[in-house]
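Every chain is numbered from 1 and lettered A, B, ... according to where its sequence line falls, protein lines coming before strand lines. None of the values given here were measured: they were computed from a predicted structure.
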Protein chains: 2
Amino acid sequence: MSWKRNNPDPPRGYHHGNLKEELVRAALGLIREKGANGFTFAEAARMAGVSPAAPYRHFRDRDALLADVAARGFEAFALALTKAWDQGRPDAGVAFNRLGAAYLAFAHDEPAYYSAMFEAGLSLDASPELRLAADRAFQVLRHASEALIALLPPEKRPPSLMMALHIWSLSHGVAALFGRADGGRRPLPMSAGELLEAGVLIYLQGLGLGPRGKPAG
Amino acid sequence: MSWKRNNPDPPRGYHHGNLKEELVRAALGLIREKGANGFTFAEAARMAGVSPAAPYRHFRDRDALLADVAARGFEAFALALTKAWDQGRPDAGVAFNRLGAAYLAFAHDEPAYYSAMFEAGLSLDASPELRLAADRAFQVLRHASEALIALLPPEKRPPSLMMALHIWSLSHGVAALFGRADGGRRPLPMSAGELLEAGVLIYLQGLGLGPRGKPAG
DNA sequence: GCCGCCATGTTAGCGCTCGTCACATGAGCT
DNA sequence: AGCTCATGTGACGAGCGCTAACATGGCGGC
C-alpha cells in the first residue's frame, strides 16, 4: 500500500506525488467555471502548484487531459444511469423515467463532465478508454430500451438500437439547448426535466407503450 | 450606386473596401475546416490579405465575429426552414417531415454555420441580432407545430410551444450526436435523416397524429 | 549503506494568438 | 485644394501550447 498523498496537504518537495489526479481535479474546476474551451493547460498547472511544463509528463497534450476527463465523465455517467435504472425496478416504465431524470441531473449537476464529454469537440477515438466508457454509458440506455420493448407484442417491436438512439438524442437535445444553468439560453415555461419527461412519455405512447410502461394506453 | 467591390478582385490599395464581408467568408471557411474553436482571428485576417489588427476595426473581438457568423447562420436557417415548410403544403404532415429533413440538411450542408450557432458556446445575447435571428428560426418550428396540432380534437391538443421544443430538441440531438460527417462519432445502421424521421413519426403518433398528419393512426 | 537509474519535476525559449497602442493612408465632402 | 475620419499598418505586452535541456530525489541492485 504505497500511500501517496491521501491526506489533503502533505508538505511536498520536488516531486508532487499525485499530480495527475490533481490536474484532473483542477481541470474539472476550470471547465466548470469557464467552459471546456476556456480551460487552459497552464492554469491547471498553476492551480496544482507546479510549473507550466509539468503536466506534459502526464498528458501528451491539452486534448489528452480533456479526453481523460471526458472518459471519467462517461464512467460516472454510466454509473449514474445504471443506478437510476436499478435493473428496471419496480417496473420498466418508472425505471425508464428515472433514467431520463438521471440524464438531465447529470448534465445539470456535473457541467464540467458534461462539457468535456459533449461540448469539447473531442473525437470519440481520442483514446480507447474514452470510446469504451462512452459505449458503456450507451449500453445502459440500450438495455433499458430492450426491457421496455419486451412489453410490446412481438410484431410491434421497433429495433431497440433505434429506440435508444431516439431517447439519447432527445435527452441530449434538451440538455444541450435548455438544461444548463448558464443563463445564456432561452427561458422556458417549464423545466428541462419536465420537458424531457413529457417528450419521452409522448414518444413511448407513440410506440404503443402506455403511461406506466404497459402496452397500449 | 457606390459600387464597392462587387467584382471578384479589383486591385485594392490601402483600403480594402469590403473587409467585413471578406472576414465573415474567411471565418466560415476556417470554421468549416477546423471547427468553431480552431478558428482564429489572425488567420482570418491573413486570409483576407490584411494585417492582424485590421479585423478589430469591424468586430470588437473574436467573439463578435463569431456572433455575427452565428446570426447569419440563424437567418439562413430560418429561411431554409420556412422554405421547407412552404406554408404547410400540400398538407401539414408531409410539410412537417420536410422540416425535419431541412433541419438535418442544414446541419450537414452548412457545418460552419451550425458550428457557430450551436457549438461555439456563444450566449444568445452576445448580440441582439443573434437572439432575433434565433427566435425567427424557432418561430418557424412553432408555427408548423401549431398547424399540426390544429388537426387534433381540441381536448387532445398539447401546448404548441412544448411540441416545438420537443421537435427542436430531438432534431438538435440527432444532428449533434450523429449528423456530422466528422467521422469521430458513432457509426449507425441508419442515416441521421432516417433516424430523425422515424423519431418524429413516433412522436407524432404519440400525440395522436397518424402517419400522414391525420388524427389517430 | 551506498550508488546509479529514470520518473518526474524545473527553467528557458520558440512561435503563435488576442487585443491595444500610436501612426499612416486615402475616400469623399466641402 | 484641403480636411477629416474611417480604415488600414506596425510594434508591442501578456498569455498559451509545446519542446528541449537540465535538476532532483525515490527506489531497486549491489
To the nearest Å, how far apart are [X] [atom1] and [N] [atom2]?
X	N	atom1	atom2	result
A:E22	C:dG9	CD	C1'	15 Å
B:N37	C:dT17	CG	P	16 Å
A:N18	C:dA7	CG	P	18 Å
B:F59	C:dT20	CZ	P	15 Å
A:K20	C:dA7	NZ	P	14 Å

Listed partners of [X] passing ring-ring contact (aromatic ring centres under 6.0 Å, His included), at least two apart:
X	answer
A:F96	none
A:F138	A:W168
B:Y56	B:F41

Write out a two-atom table: protein N or O, nucleotide N or O from nucleotides 15-19 of chain D, distance below 3.5 Å.
from, atom 1, to, atom 2, distance (Å)
D:dC16, OP2, A:R46, NH2, 2.8
D:dG17, OP1, A:F41, N, 2.9
D:dG17, OP2, A:F41, N, 3.3
D:dG17, OP2, A:A42, N, 2.9
D:dC18, OP2, A:R62, N, 3.0

Task: Pairs satisfying ring-ring contact (aromatic ring centres under 6.0 Å, His included), at least one member in residues 18-40 of chain B, at least two apart - done: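 Those involving residues 18-40 of chain B do not exist here.
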
TODO: Return the set of residues passing side-chain contact (heavy atoms from CB on, under 4.5 Å) with B:P158 (not counting sequence neighbours), or none when no residue passes.
DONE: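 For B:P158, the residues satisfying side-chain contact (heavy atoms from CB on, under 4.5 Å) (neighbours in sequence not counted) are B:I149, B:L152, B:M162, B:L207.
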
Task: Closest listed nucleotide, where the reference is the side chain of A:H58 and the choices are C:dT10, C:dT8, D:dT9 - done: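 Closest of the options to the side chain of A:H58: C:dT8.
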
Open item on the list: Using the side chain to side chain donor-acceptor pair (under 3.5 Å) criterion, which residues pair with B:D68? Sequence neighbours excluded.
Closed with: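 By the side chain to side chain donor-acceptor pair (under 3.5 Å) rule, B:D68 matches B:R72.
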
Task: B:E129: partners by side chain to side chain donor-acceptor pair (under 3.5 Å), with sequence neighbours left out - done: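 B:E129: side chain to side chain donor-acceptor pair (under 3.5 Å) contacts with B:S127.
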
Open item on the list: For B:L161 versus A:P189, what's the shortest heavy-atom pair and its separation?
Closed with: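 Of all heavy-atom pairs spanning B:L161 and A:P189, the closest is CD2-CG, 3.3 Å.
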
TODO: Please list, by residue number, the residues of residues 27-36 of chain A whose heavy atoms come closer than 4.0 Å to an atom of DNA chain D; answer none if no residue qualifies.
DONE: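 None - not one residue of the stretch has a heavy atom sitting under 4.0 Å from the strand.
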
